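I have placed the structure first, in the form of structure tokens, so that the comments after it can refer back to it.
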Amino acid sequence: MTAFIVTGTDTGVGKTIFSAALTGAMRAHYWKPVQAGLDDGADRDHVARLADVPEDHILPEAYRLGTPCSPHRAAEIDGVEIDLARLALPAQRPLVVEGAGGALVPVTRQVTYADVFARWGLPVIIVARTALGTINHS
């Protein structure tokens with residue numbers, strides 16, 4: 001398979017670090033469809049710095065939202081309506097796609113990342129903590 005989705009059990013679990021490592025190891029393109037929260041820089045900036053791939057391998061987000069929360073809520077706060085058609089997979093391969101938060105995070109009020117992942121039909125890698133409760137969270 002030349003494309004993978006990276007999701008996690010929660011925010012801050014290490015999805016971006018893992019995505020950067022996978023992107024670098026595969027010499028892949030990286031895409032985060034929705035970036036919510038820009039105070040610490042976008043995840044694509046961290047991946048570009050860590051993955052050591054050509055600049056054109058770091059693809060622009062479909063949405064860049066200022067508020068650090070779920071995409072559906074960040075979009076509401078920023079006055080943006082997320083159009084799922086803009087979340088079509090890029091054609092570039094190999095490709096690493098990083099979700100936001102976990103698989104059940106809402107992208108819109110009706111659609112979660114799990115729904116979007118199912119539409120894409122790609123293998124999903126779950127990044128998880130090594131702590132009590134991880135099996136349940138996963």
Side-chain angles (χ1 to χ4, degrees):
M1 180 55 62
T2 59
F4 296 95
I5 297 165
V6 176
T7 191
T9 54
D10 53 310
T11 298
V13 73
K15 291 181 305 296
T16 301
I17 301 280
F18 181 85
S19 293
L22 186 60
T23 298
M26 293 175 55
R27 304 298 298 157
H29 294 82
Y30 167 85
W31 184 53
K32 181 157 188 164
V34 181
Q35 173 70 52
L38 299 167
D39 290 343
D40 295 331
D43 290 342
R44 67 179 284 194
D45 300 328
H46 299 297
V47 171
R49 189 178 70 255
L50 296 170
D52 191 31
V53 294
E55 187 176 315
D56 67 344
H57 278 50
I58 308 298
L59 305 175
E61 303 92 340
Y63 292 95
R64 287 176 63 94
L65 305 168
T67 305
C69 60
S70 65
H72 87 289
R73 186 66 186 124
E76 290 172 355
I77 290 168
D78 289 4
V80 173
E81 185 174 336
I82 293 178
D83 177 2
L84 297 175
R86 286 186 58 192
L87 302 184
L89 284 173
Q92 291 90 337
R93 296 292 185 274
L95 178 66
V96 174
V97 181
E98 181 185 352
L104 295 181
V105 167
V107 177
T108 69
R109 289 234 172 232
Q110 295 78 32
V111 176
T112 66
Y113 263 110
D115 299 320
V116 175
F117 297 164
R119 289 179 191 166
W120 290 339
L122 297 175
V124 177
I125 299 167
I126 300 173
V127 178
R129 299 183 193 282
T130 56
L132 184 62
T134 298
I135 292 172
N136 187 47
H137 293 156
S138 301

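Keep in mind the model is a prediction, meaning the values are calculated, not measured.
A pairwise comparison of heavy atoms in Tyr113 and Pro71 identifies CE1-CG, 3.9 Å as the closest pair. Here the shortest heavy-atom pairing between Arg93 and Pro90 reads NH1-O, 2.7 Å. Shortest non-hydrogen contact noted between Ile77 and Cys69 is CD1-SG, 4.4 Å. Residues Val53 and Gly24 share a closest heavy-atom pair of CG1-CA, 4.1 Å. Nearest approach of Thr67 to Ala74, heavy atoms of both residues: O-CB, 3.4 Å. Across Ala114 and Leu104, no two heavy atoms sit closer than the pair CB-CD2, 4.0 Å.
Between Thr2 atom OG1 and Met26 atom CE the span is 7.0 Å, to the nearest 0.5 Å. Taken to the nearest 0.5 Å, the NZ atom of Lys15 stands 11.5 Å off from the CD1 atom of Ile126. Expressed to the nearest 0.5 Å, how far OH of Tyr30 lies from CD of Gln92 amounts to 14.5 Å.
Under the 4.5 Å side-chain heavy-atom criterion for Ile, Leu, Val, Met, Phe, Trp and Tyr, Leu50 and Val96 are members of distinct hydrophobic clusters.
A salt bridge is absent between Glu61 and Lys32; no separation between the charged side-chain nitrogens and carboxylate oxygens falls under 4.0 Å.
In this structure the side chain of Arg73 never reaches within 4.5 angstrom of the side chain of Pro106, judged on heavy atoms. Annotation: side chain of Ile82 is not in contact with side chain of His72 (no heavy-atom distance under 4.5 Å). In this structure, Glu98 and Thr16 have side chains that are in contact, with non-hydrogen atoms separated by less than 4.5 Å. Proximity of Leu87 to Val34: side-chain heavy atoms (C-beta onward) are separated by under 4.5 Å at one or more points. Between His57 and Thr23 there is no side-chain heavy-atom pair separated by less than 4.5 Å. At least one side-chain heavy atom of Phe117 sits under 4.5 Å from a side-chain heavy atom of Thr7. At least one side-chain heavy atom of Leu89 sits under 4.5 Å from a side-chain heavy atom of Leu122. Counting only heavy atoms from C-beta outward, the side chains of Arg44 and Pro60 approach each other to under 4.5 Å.
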For Ile125 and Leu22: C-alpha separation, side-chain torsions, deciding distance, then whether side chain to side chain contact (heavy atoms under 4.5 Å, CB included) applies. CA-CA 11 Å; Ile125 299 167; Leu22 186 60; 3.8 Å; yes
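Relative ring orientation between Trp120 and Trp31 is described as tilted, the plane-to-plane angle lying within the 30° to 60° band.
At distances below 3.5 Å, not a single donor-acceptor pair connects side-chain atoms of Asp78 with backbone N or O atoms of Leu65. Remark: the backbone N or O of Gly37 is paired with a side-chain donor or acceptor of Gln35 at under 3.5 angstrom.
Crowding of Asp40 atom CG: a count of heavy atoms from other residues, nucleotides or ligands under 6.0 Å not exceeding 12.
The only option from Val124, Val116, Leu95 that meets the side-chain contact (heavy atoms from CB on, under 4.5 Å) definition with Ile5 turns out to be Val124.
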